[in-house]
Trainee: 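My questions will all concern the structure given below.
Since the model is a prediction, treat every value here as computed from it, not as a measurement. Lettering of chains follows the sequences in order, A, B, ..., and the numbering in each one begins at 1.
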There are 2 protein chains.
Amino acid sequence: MTPDPYGVRPDSAVRRPASIKDVAAAAGVSPTTVSHVLSGNRPVNEQTAARVRSVVNRLGYVPASLARSLQAGATSVIGLLIPDISNTFFAELAKGAEDAAHDLGYGMILCNTEFDADREDRYLGMIRSRFIDGMVYASGSPPSRRRLEALMGKFPIALADEEVEGLEGALIATADHEAGGRLVGEHLRQLGHRRALMLTGPRALKSSVARAQGFVRAFRGEVVERVGDFKEASGHRLVARLLEEGGLPCTAVFAANDLMAFGALTALTEAGLSVPGDVSVVGFDDIRAASLAHPPLTTVHQPAYDVGRTATAQLLQYVSRGEVPPASRHTLPVELKVRGSTAPPAR
Amino acid sequence: MTPDPYGVRPDSAVRRPASIKDVAAAAGVSPTTVSHVLSGNRPVNEQTAARVRSVVNRLGYVPASLARSLQAGATSVIGLLIPDISNTFFAELAKGAEDAAHDLGYGMILCNTEFDADREDRYLGMIRSRFIDGMVYASGSPPSRRRLEALMGKFPIALADEEVEGLEGALIATADHEAGGRLVGEHLRQLGHRRALMLTGPRALKSSVARAQGFVRAFRGEVVERVGDFKEASGHRLVARLLEEGGLPCTAVFAANDLMAFGALTALTEAGLSVPGDVSVVGFDDIRAASLAHPPLTTVHQPAYDVGRTATAQLLQYVSRGEVPPASRHTLPVELKVRGSTAPPAR
DNA sequence: TTGTAAGCGTTATCAC
DNA sequence: GTGATAACGCTTACAA
């Protein structure tokens with residue numbers, strides 16, 4: 001077999017995938033023309049174009065997006081940084097983000113941090129090394145402000161779900177946590193409750209504080225607060241402890257998320273109390289299990305999908321023009337889902 | 001201000017991020033040396049190295065990973081193709097995949113298809129355009145064999161969770177669906193059940209068929225089969241129809257996934273039947289809601305995380321060496337979780 | 001110990 | 001309507 005001076009063989013015996021040069025050589029045109037046939041960026045003689053296309057098919061040529069990106073100075077890929085994709089809230093958020101990215105022809109790298117700072121650092125590094133064009137940041141915990149500070153304003157970042165203290169000048173999409181708390185307060189008040197136990201999330205989270213504030217404001221009754229950590233176990237522990245210490249000081253429990261509400265529910269049931277007969281319970285988030293539980297949980301529906309979608313769409317609006325997004329806030333409405341876990345207080 | 005012949009300014013007024021040339025010029029060395037200082041690929045004089053490092057810091061230089069990838073011929077990014085990230089099964093699988101990718105320094109693009117063929121095509125295109133080094137494929141529905149065929153064997157792909165008919169020569173990690181069905185069959189038989197209703201998934205899915213086969217084989221009683229689609233509504237519909245048509249022909253229901261089991265549960269409750277008093281119900285998957293439901297659902301725990309992790313780790317083992325993975329099967333063990341929805345049949 | 005130059009595979013600019 | 005050539009920003013022979 002004679003050597004192949006151009007490194008091009010027509011059959012599939014070639015290991016290296018065909019490049020634009022291979023196509024050009026085989027079609028007897030320049031790489032420039034091949035490029036334009038494929039991109040339509042300038043008119044090409046129909047005969048030439050047809051010939052090029054046929055070679056493209058024969059060689060199975062697909063442009064290397066890497067080279068394209070290098071030339072373009074952008075990758076059409078963004079990152080989504082979240083703490084835990086197996087948490088349904090973040091999964092919904094991710095779905096919204098992915099949809100928005102897909103709509104604009106962007107890919108999305110899943111940056112699951114497991115609350116690990118090193119891991120978060122590594123992923124944020126992708127933006128510095130310009131492998132991604134931007135980042136949707138939903139850390140879900142009091143975020144590492146220092147790390148973000150270095151990036152925001154210089155790189156395209158959008159905050160989703162959770163604000164970052166001290167980073168007011170940001171693009172952010174979040175649910176209306178305060179209104180959610182208020183809806184619960186009004187609901188319980190209307191049912192006739194006057195004394196409630198509020199299980200909050202970590203104090204460092206603005207969303208957590210907002211939920212509690214909205215609730216206290218609208219409930220206008222006596223509220224005992226206990227600080228949890230958004231995990232089922234903490235809801236269980238806090239309620240169980242109060243029961244041991246001489247009974248619940250209230251007729252209703254508002255947990256700042258569904259997981260803690262489930263923990264509370266279990267603790268109450270274990271103590272022989274019935275829900276909502278003896279105590280009403282309300283959650284926040286409306287995760288899938290909420291409607292499936294027994295009794296079905298009254299809770300605040302968070303538009304997780306929309307939060308992800310909005311943050312991403314906003315981010316891309318600027319990224320696609322090569323701009324760093326300005327400060328801008330999008331507060332999304334929440335909805336109270338009244339189910340079986342709330343009722344008027346026992347007399 | 002005098003013009004800057006190298007296009008380099010020490011302050012942050014420069015728009016364009018610093019390149020390796022900028023660093024080299026500012027440090028008075030060649031780009032080669034800068035490269036080697038950073039990569040450690042060849043010894044560099046300590047003084048020179050220190051000078052380079054200081055310039056790197058001052059300019060905030062971060063190597064463009066794009067250029068690096070182009071040169072290396074690989075991106076250190078893979079794709080994970082799934083139908084629906086908001087489904088907890090795939091979210092868990094994604095978590096496992098992400099963990100495995102992260103461990104080996106790979107990034108992962110989330111390819112959420114929503115069962116949409118065009119979307120799947122677009123994402124598979126990333127592998128042809130070599131933007132990703134490989135793909136973990138978990139389509140969750142009878143996959144588009146023709147599309148995959150064109151890729152498998154030529155590109156690095158691993159199948160997760162679901163086999164693809166006709167593509168036996170693949171790298172695949174899957175749960176032991178057949179054993180899961182068997183465990184349920186044995187469990188119900190031991191409880192004393194002799195007549196069961198089996199709600200299967202789509203016939204085209206091998207996993208679905210395997211679950212049913214395992215069950216029928218181990219149950220050794222009378223089994224009525226109805227075909228569903230893995231959605232809650234179909235479980236509800238199938239059971240409700242049988243109830244209307246004159247009652248259930250059985251004392252136990254085995255649904256091929258938890259969602260359908262919940263649908264069945266609801267239909268039974270609506271008809272005034274108690275679970276497990278009148279009818280036992282078993283699911284498959286062990287999604288989060290399973291243990292939270294009332295009654296807690298007896299179900300088969302699928303190692304979704306491990307499926308994702310295993311498939312990805314296997315894929316990367318070959319990808320990282322630039323090889324296309326060989327045919328190889330990894331069957332992961334499942335576990336029966338006996339909860340409150342099963343009991344001996346009423347006499 | 002260091003530098004020069006040739007790639008990697010595109011697209012943009014400019015010229016014909 | 002088409003083509004040379006120079007970028008994009010890096011790594012790596014090959015040379016000194």
Side-chain angles (χ1 to χ4, degrees), chain A residues 6-8 14-53 55-56 59-76 126 128-131 133 322, chain B residues 6-8 14-53 55-56 59-76 126 128-131 133 322:
Chain A
Y6 296 117
V8 183
V14 189
R15 284 270 170 233
R16 177 176 58 79
S19 79
I20 198 170
K21 283 187 189 170
D22 300 331
V23 175
V29 297
S30 74
T32 309
T33 297
V34 176
S35 176
H36 285 119
V37 168
L38 263 37
S39 70
N41 276 352
R42 85 180 181 192
V44 176
N45 177 295
E46 192 37 56
Q47 302 236 340
T48 319
R51 189 153 32 95
V52 168
R53 273 191 280 268
V55 173
V56 164
L59 301 187
Y61 168 68
V62 179
S65 42
L66 222 52
R68 202 172 254 186
S69 296
L70 180 62
Q71 156 71 30
T75 58
S76 288
M126 293 186 126
R128 312 195 78 123
S129 71
R130 284 146 288 156
F131 193 86
D133 294 346
Chain B
Y6 295 117
V8 181
V14 188
R15 284 271 168 231
R16 178 176 58 78
S19 80
I20 198 170
K21 281 188 190 171
D22 300 331
V23 174
V29 298
S30 74
T32 307
T33 298
V34 176
S35 174
H36 285 121
V37 168
L38 263 36
S39 71
N41 276 351
R42 87 179 179 192
V44 176
N45 176 293
E46 191 40 55
Q47 303 235 338
T48 319
R51 191 153 31 94
V52 167
R53 272 191 281 267
V55 172
V56 164
L59 301 188
Y61 169 67
V62 180
S65 42
L66 220 53
R68 202 172 254 184
S69 296
L70 179 61
Q71 156 71 31
T75 58
S76 289
M126 293 187 125
R128 310 195 81 122
S129 72
R130 284 147 287 155
F131 193 86
D133 294 346

Trainee: Distance check needed: dC8(D) C1' versus R130(A) CZ, whole Å only.
Mentor: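 That distance rounds to 11 Å.
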Trainee: Give me the atom names and distance for the closest heavy-atom approach of L66(B) to L70(A).
Mentor: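 Closest heavy-atom pair between L66(B) and L70(A): CD2-N, 3.5 Å.
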Trainee: What is the distance, rounded to the nearest whole Å, between atom CG of L70(A) and atom C1' of dG9(C)?
Mentor: 9 Å
Trainee: Within less than 4.0 Å of OP1 or OP2 of dA12(C), is there a side-chain N or O belonging to N41(A)?
Mentor: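 So the side-chain polar atoms of N41(A) do come within 4.0 Å of the phosphate oxygens OP1 or OP2 of dA12(C), strictly under.
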Trainee: Round to a whole Å and report the spacing from NE2 of H36(B) to P of dT1(C).
Mentor: 13 Å
Trainee: Could you give the NZ-to-C1' distance, from K21(A) to dC8(C), as a whole number of Å?
Mentor: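 It works out to 9 Å between those atoms.
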Trainee: Could you give the CZ-to-P distance, from R68(A) to dG9(C), as a whole number of Å?
Mentor: 14 Å
Trainee: Counting only heavy atoms not in E46(A), do more than 12 fall under 6.0 Å of its CD?
Mentor: yes
Trainee: Kindly say if S30(B) contacts the phosphate of dG3(C), meaning a side-chain N or O under 4.0 Å from OP1 or OP2.
Mentor: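 For dG3(C), OP1/OP2 do have a side-chain N/O of S30(B) under 4.0 Å.
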Trainee: Using only side-chain N and O atoms of S19(B), determine if any of them is under 4.0 Å from OP1 or OP2 of dC8(D).
Mentor: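 Answer is no, no contact under 4.0 Å.
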Trainee: For V37(A) and R53(A), which heavy atoms make the closest approach, and how far apart are they?
Mentor: CG1-NH1, 3.9 Å
Trainee: Nearest heavy-atom pair of A18(B) and R130(A): which atoms, and what distance?
Mentor: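 That would be O-NH2, 4.4 Å.
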Trainee: Closer to the 5' end of DNA chain C via nearest nucleotide, is it P31(B) or Q71(B)?
Mentor: P31(B)
Trainee: Rounded to the nearest angstrom, tell me the gap between atom CG in L38(B) and atom P in dG9(D).
Mentor: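 Spelled out: CG on L38(B) to P on dG9(D) is 16 Å.
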Trainee: Within the 4.0 Å heavy-atom criterion, would you say S69(B) contacts the bases, only the backbone, or no part of the nucleic acid?
Mentor: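 Counting heavy atoms under 4.0 Å across all strands, no contact is made by S69(B).
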Trainee: Which of the following nucleotides, dT10(C), dT1(C), dC10(D), is nearest to the side chain of P63(A)?
Mentor: dT10(C)
Trainee: What is the minimum heavy-atom distance between F131(A) and S69(B), and which atoms define it?
Mentor: CE1-OG, 4.3 Å
Trainee: Within the structure shown, what part of the strands sits under 4.0 Å from T32(B) by heavy-atom distance: base, sugar-phosphate, or nothing?
Mentor: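 Contact class for T32(B): base.
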Trainee: Can you tell me how far P of dC8(D) sits from CG of D133(A), to the nearest Å?
Mentor: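 Result: 18 Å.
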Trainee: Within this structure, what is the CZ-to-C1' distance between R42(A) and dC16(C), rounded to whole angstrom?
Mentor: 11 Å
Trainee: Among dT2(C), dG3(D), dA12(C), find the nucleotide with the atom closest to the side chain of T33(A).
Mentor: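 Selected nucleotide (nearest to the side chain): dG3(D).
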